[in-house]
Amino acid sequence: MATVEVPQLSGYHRPAVLDWITTVDHKKLGILYLYFTLFFFAVGGVLALLVRTQLAVADNSFVGNDLYNQIFTMHASAMLFLFIIPVWAGFGNYLVPLQIGAADMAFPRINALSFWMLPPAGILMFAGFIVDGGAADGGWTAYSPLAQQTGVGMDMWIIAVIVLGMSSTIGAANFLVTMFRMRAPGMTMFRMPIFCWTMLVTALLQLLATPVLAAALVMLFIDRNYGGQFFDPNGGGNVVLWQNVFWFYSHPAVYIMILPGMGIISEILPVFSRKPLFGYKAFVFATIGIGGLGFSVWAHHMFTTGSVLLPFFGFMTFMIGVPTGVKIFNWLGTLWGGSITFPTPMLFAIGFVSMFLIGGINGTFSAAVPVDFALHDTYFVVAHIHYVLFGGSVFAVFGGIYYWFPKIWGRKLNERLGKLHFALMFVGFNVAFFPMHMLGLDGMPRRIAVYAEGAGWEALNMLSTGGAFLIAVSMIPFIIAVVWAFMRPMDQPDDPWEANTLEWATSSPPPEYNFDSLPPVRSERPLFDARQGSGEGH
Amino acid sequence: MLSMPLPRHLRLLAVTLASGLLALVAIGTASAIQPRGITDEAHKMNDLFWIVLIVALVVFVLVAAALVYALVRYRRKDDELPEQFHGGGKIEVAMVGVPVLIVIALFTISMLTLIEIDDKAPDDALTIEVTGFQFSWQFAYKMSDLGTNSDPNADPDDAISIIGTPQNDPILYLPVDEPVEFLLKSNDVIHSFYVKDFLYKLDLIPGRVNSFTVTPRETGDFSAQCAELCGTNHALMRFVVRVVERDEFDAWVAQEAARQLGEDTLVSSSGKQGD
């Protein structure tokens with residue numbers, strides 16, 4: 001029997017790889033960001049294990065002094081520039097358009113450009129390990145004149161960080177326009193999900209601060225390669241100028257690295273307490289306050305330079321504790337009187353609150369200027385930044401992954417494995433980083449490759465190293481949970497958690513362009529209102 | 001999914017309490033580790049450290065207890081929706097007011113301590129010029145500026161100088177119970193002069209001279225090292241502060257002067273040889 005071939009009427013289908021490379025869909029770009037950043041989290045983690053192995057015993061010769069300097073420099077560079085900062089761009093990319101009820105970001109192509117600047121920068125930065133003189137080894141702070149002395153790996157590092165900065169600057173502009181112009185009908189600024197608010201303030205900080213870093217890095221590059229002498233006192237330059245411009249970016253950058261994490265847990269805590277966020281507006285103003293004050297505290301990294309107006313920066317540094325304290329109250333007040341359950345995302349959120357509490361409190365020691373004279377550049381400060389950026393940001397990253405995994409991939413991560421992951425990471429984190437407070441008080445400077453036997457630091461360092469490896473072990477149940485989830489069919493409903501915000505009003509995963517229809521937005525919790533059959537107005 | 005068996009909550013409670021307890025024990029340990037300091041200035045900074053520590057501890061215990069209490073007390077027991085409380089006026093004022101009061105108090109105390117420790121040495125006090133270099137230290141004592149042992153007729157260029165190496169830590173001799181002024185310099189990269197038992201550090205910055213004054217009150221040897229990353233052998237940039245009685249200091253100066261200036265040359269020597 002003769003048959004007639006009927007051509008299939010279907011759209012043009014690109015091969016999967018080409019599709020991922022050319023996509024301008026905010027969700028696919030968000031997923032790419034997440035894959036990219038988690039890869040560099042692993043890379044930075046391996047470097048951290050090398051650091052901890054070297055420091056496990058006194059007078060160790062596991063890695064040489066030169067290589068050690070490269071390893072800790074690249075650990076921090078990977079974790080800050082290639083993991084924490086872009087991971088928020090990943091969450092933001094995926095979630096901001098969904099949470100405000102938009103079809104995509106305002107500038108989808110610029111969005112793709114933002115992402116695709118990252119891989120070359122990451123490769124360039126790490127290619128330093130194979131060039132003469134090795135990778136950048138002046139610390140992620142790249143203090144001049146030390147940063148003038150090192151090899152071409154340093155130039156590669158400078159260019160990579162400039163490219164990463166451009167990526168986050170244009171990304172920030174994109175987020176701001178998206179949130180200012182593309183909110184769903186009814187969604188006033190004060191009905192915007194709290195995660196969006198933290199992304200908004202983060203984007204403002206990036207837009208204002210990152211160009212300053214770029215300028216500083218260009219000056220450093222000129223100094224190194226063309227005799228610029230911006231930071232060379234022999235040529236009329238100023239050594240401390242580098243620190244001023246570097247920290248003018250890098251202190252706000254600390255808030256760039258933590259604010260979206262605060263946003264994530266402020267989404268999670270209300271859902272699993274079945275209450276609205278306590279003091280939504282106070283939280284928003286505290287976030288803006290942290291952003292604003294964040295520009296006036298940079299020199300607290302420089303108290304021991306002898307060229308800082310100590311009372312001013314001491315005062316501003318204490319003041320930034322106020323909006324931070326407000327947030328702790330927000331979170332406590334949200335839990336108070338709630339109906340609390342403890343699935344994995346909630347455990348990570350609670351982990352965040354408790355660890356960030358310590359990270360906030362141990363920061364006040366350094367705000368007290370005379371105490372900072374003792375603690376600056378010791379392991380006490382290493383403990384502080386890790387309580388903020390690991391106990392805070394990393395716990396929020398994993399809380400966010402467990403929370404939005406059903407939305408992004410249509411599957412749920414196994415709860416038992418998730419809880420095991422949390423327990424191991426929580427214990428490992430504290431074992432790794434709490435002893436560093438004691439090491440700092442006992443005078444162990446940071447960034448030393450070896451310490452002498454008899455310095456009295458052996459036991460605590462060994463303990464800390466054990467904790468670091470326990471954190472590494474905690475990744476095993478996580479990886480198993482992810483692999484296991486991907487082997488199962490997509491079975492997640494639109495809203496598996498009984499959540500509040502618009503991303504849960506569409507299918508899991510959401511279709512291209514996100515929504516067929518939107519529920520009315522009459523408060524900051526449109527889905528709660530829909531479930532309760534009322535708009536409560538707020 | 002909504003209700004979970006009780007033991008899990010108890011476990012959570014146990015874990016949280018244990019970690020809180022752990023933190024307390026650890027902070028206690030930390031305070032045992034905290035050096036008391038050997039200078040007048042360090043003693044004042046140590047007092048401030050204790051004030052900050054106690055305030056920090058109180059805040060931590062109160063907030064952590066509230067957190068643990070809320071998690072246990074308000075765990076889900078039934079499917080009833082809790083009161084939808086958004087927060088409000090007075091409590092939000094307290095949310096801002098309490099932290100403001102705490103930080104203003106801490107700031108004020110810090111500044112008072114800062115003013116107290118900002119000592120100026122009398123003109124005739126011992127002055128030591130410290131030069132950091134990759135990767136050790138040079139300590140220069142001018143014969144005309146040795147405190148009570150100064151030689152007013154000495155050539156202003158006459159100085160004894162101790163130079164260390166990464167393998168041979170230099171020794172910084174100080175007389176006890178006298179104010180000593182340090183002038184800090186560097187010609188290569190930034191270093192930081194850090195003596196744990198001074199509870200103090202100050203950077204050595206190319207193109208700039210930093211100075212500070214302390215009065216040591218205890219004799220003995222105290223280990224110290226560079227605290228600002230300065231290159232490959234940063235970790236080996238160590239030195240020893242040796243605080244001695246004045247007559248012992250004078251004897252050491254005389255011996256070094258005879259050795260270094262007697263031969264009319266500023267021979268480089270390490271501290272170990274100066275013993």
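In what follows, chains carry the letters A, B, and so on, assigned in the order in which the sequence lines appear, proteins first and then strands, with residues in each chain numbered from 1.
Among pairs with a residue in residues 181-195 of chain B, those fulfilling salt bridge (Lys or Arg N to Asp or Glu O under 4.0 Å) read B:Glu129-B:Lys185, at least two apart in sequence or across chains.
In this structure, the portion of B:Leu236 lying under 4.5 Å from any heavy atom of chain A is its side chain and not its backbone. Neither the backbone nor the side chain of A:Thr141 comes within less than 4.5 Å of any heavy atom of chain B. There is no contact between B:Glu41 and chain A, counting heavy-atom distances below 4.5 Å. Residue A:Gln70 does not touch chain B at all, counting heavy-atom pairs closer than 4.5 Å. Residue B:Gln225 touches chain A through its side chain alone, counting heavy-atom pairs closer than 4.5 Å. For a residue to count as touching a neighbouring chain, one of its non-hydrogen atoms must lie under 4.5 Å from one of that chain's; by this rule B:Ile51 does not touch chain A. A:Leu335 touches chain B through backbone and side chain together, each having a heavy atom under 4.5 Å away. If you measure heavy-atom distances from B:Asn210 to chain A, the contacts under 4.5 Å come from the side chain alone. Interface remark: A:Ser273 contributes backbone atoms only to the contact with chain B (heavy atom separation under 4.5 Å).
Considering only residues two or more places apart in sequence or on other chains, B:Phe182 meets the ring pair (Phe, Tyr, Trp, His ring centres under 6.0 Å) condition with B:Phe193, B:Phe212. By the side chain to side chain donor-acceptor pair (under 3.5 Å) test, B:Ser192 is found to be paired with B:Asp203, residues two or more places apart in sequence or in another chain being considered.
More than 12 heavy atoms of other residues, nucleotides or ligands sit less than 6.0 Å from atom CG of B:Leu101.
Contacts between residues 364-371 of chain A and chain B, defined by a heavy-atom separation under 4.5 Å, are made by A:Thr364, A:Phe365, A:Ala368, A:Val369, A:Pro370, A:Val371.
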